[in-house]
Number of protein chains: 2
Amino acid sequence: MTDALDSLDWSVIRALEEDGRRPFREIGRALGVSEATIRARVRRMQESGLLRIVAFTDPARVQSPYQLALVVMRVEPSRHEAIVEALSRHPEVSYVSTVMGRADILAEVLVRDQKQLWEIVSRKIRVIEGVVDAETMLIVEVHKLRYVLPNGEAAES
Amino acid sequence: MTDALDSLDWSVIRALEEDGRRPFREIGRALGVSEATIRARVRRMQESGLLRIVAFTDPARVQSPYQLALVVMRVEPSRHEAIVEALSRHPEVSYVSTVMGRADILAEVLVRDQKQLWEIVSRKIRVIEGVVDAETMLIVEVHKLRYVLPNGEAAES
DNA sequence: GATGAAAAGTGCGCACC
DNA sequence: GGTGCGCACTTTTCATC
């Protein structure tokens with residue numbers, strides 16, 4: 001399913017990385033192809049899940065106060081998948097990944113305050129069956145965050 | 001500069017979280033206001049840096065092979081800011097945050113393969129002056145990733 | 001700030017290559 | 001896959017409230 005991207009695809013991606021609402025016609029003009037071609041490329045990439053065009057907000061400006069935390073977890077291997085699913089179901093959990101190293105699973109939690117953080121971590125996460133250990137780090141400030149890939153120019157905040 | 005967002009702003013954000021290219025006119029119709037109002041709201045939020053509408057790609061589909069890793073770092077307090085800056089300058093470093101807990105700084109690295117990962121971690125990160133300890137976890141799979149806030153419905157992948 | 005109206009520009013489907 | 005065309009719709013500007 002990983003169709004190879006040609007240079008036109010990459011050019012389109014880079015254009016939309018800068019401005020997700022840039023008109024297809026304008027992109028086509030800049031790249032010397034028709035608008036229908038741009039539209040078809042974008043649709044194909046979107047349908048394959050490769051490309052997404054969405055709005056997102058800056059937590060620091062939108063929600064105040066707010067609290068981000070990373071929960072570093074050790075789990076029983078046999079319960080790994082079930083725990084991933086349980087974590088993912090929580091709306092307060094904004095990120096879940098499987099890792100190798102000191103931990104087995106990483107989970108990021110986004111909540112209003114430390115009281116809610118405690119409730120989520122202690123009453124929702126640590127009680128999941130198979131969770132051996134869960135260590136929390138408070139995220140004080142996010143300095144760099146890139147939403148795109150090294151191949152293209154990065155959109156950072 | 002953190003202008004309070006009213007319910008109309010939130011409705012607009014939620015609409016654009018689902019589809020960043022949804023016509024303002026359509027959003028206006030759905031919310032019972034004029035299209036010009038929607039555009040004015042979006043422009044204001046974009047100019048303040050609160051809202052961004054961009055395309056992003058799924059690393060797993062776009063770059064193969066690729067390797068993500070989280071580097072959990074202890075640093076000398078007096079060198080904290082300098083280290084954050086040094087990390088942020090590297091294009092392979094996709095995320096940098098200051099945390100409280102077991103670690104002082106978290107850094108995510110996005111590279112092609114494990115050889116490049118080793119080069120970045122050992123030759124670029126661990127050698128930065130003031131880095132006391134750096135522990136690497138290989139990110140095997142990202143199960144959940146939300147780019148937006150708890151207030152609205154989440155856009156997940 | 002919000003609105004409606006006119007002009008310019010865009011998205012979309014389609015027939016064709 | 002790519003393209004050009006036609007039409008409906010959207011964006012943009014601006015005068016108005």
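Quick caveat, the model's predicted, so the values are computed rather than measured. Reminder, nothing fancy here: chain letters follow the sequence lines and each chain counts from 1.
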Residues which pass side chain to side chain donor-acceptor pair (under 3.5 Å) with Arg22(A), listed by chain and number, not counting sequence neighbours: Glu26(A)
Give the intermediate values and the outcome of salt bridge (Lys or Arg N to Asp or Glu O under 4.0 Å) for residues Arg14(B) and Glu18(B). CA-CA 7 Å; Arg14(B) 284 191 209 101; Glu18(B) 289 173 21; over 6 Å; no
Taking any atom closer than 4.0 angstrom to a non-hydrogen atom of chain A, what span of DNA chain C does the protein reach, first nucleotide to last? dT10(C) to dG13(C)
Looking just at side-chain N and O atoms, do His143(B) and Thr98(A) make a donor-acceptor pair shorter than 3.5 Å? yes
Nucleotide dG1(D), atom C1' - distance to CG of Leu5(A) in whole Å: 15 Å
Pull out every residue in residues 26-38 of chain A that has a heavy atom closer than 4.0 Å to any atom of DNA chain C, ordered by number, or say none. Arg29(A), Glu35(A)
Residue list, side chain to side chain donor-acceptor pair (under 3.5 Å) with Glu119(A), at least two apart or on another chain: Lys115(A)
Worked verdict on Asp19(A) versus Arg52(B) for salt bridge (Lys or Arg N to Asp or Glu O under 4.0 Å): CA-CA 9 Å; Asp19(A) 177 6; Arg52(B) 300 184 61 196; over 6 Å; no
Please give the angle, rounded to 10 degrees, between the axes at the start and the end of the helix from dG1(C)-dC17(D) to dC17(C)-dG1(D), where five pairs define each axis. 30°
Separation of Phe24(B) atom CZ from dT13(D) atom C1', in whole Å? 15 Å
Would you indicate whether Arg126(B), at its atom CZ, is surrounded by more than 12 heavy atoms from other residues, nucleotides or ligands within a distance under 6.0 Å? no
Considering heavy-atom distances to DNA chain C, does Arg21(A) or Asp6(B) have its closest nucleotide positioned more toward the 5' end? Asp6(B)
Here's one to test your reading of the geometry: is the NZ or CZ of Arg21(A) within 45 degrees of the ring axis of Phe24(B) and under 6.0 Å from its centre? yes
Leu110(A) side chain near Glu92(A) side chain, heavy-atom distance below 4.5 Å: no
Excluding sequence neighbours, so at least two apart, what forms side chain to side chain donor-acceptor pair (under 3.5 Å) with Arg74(B)? Asp104(B)
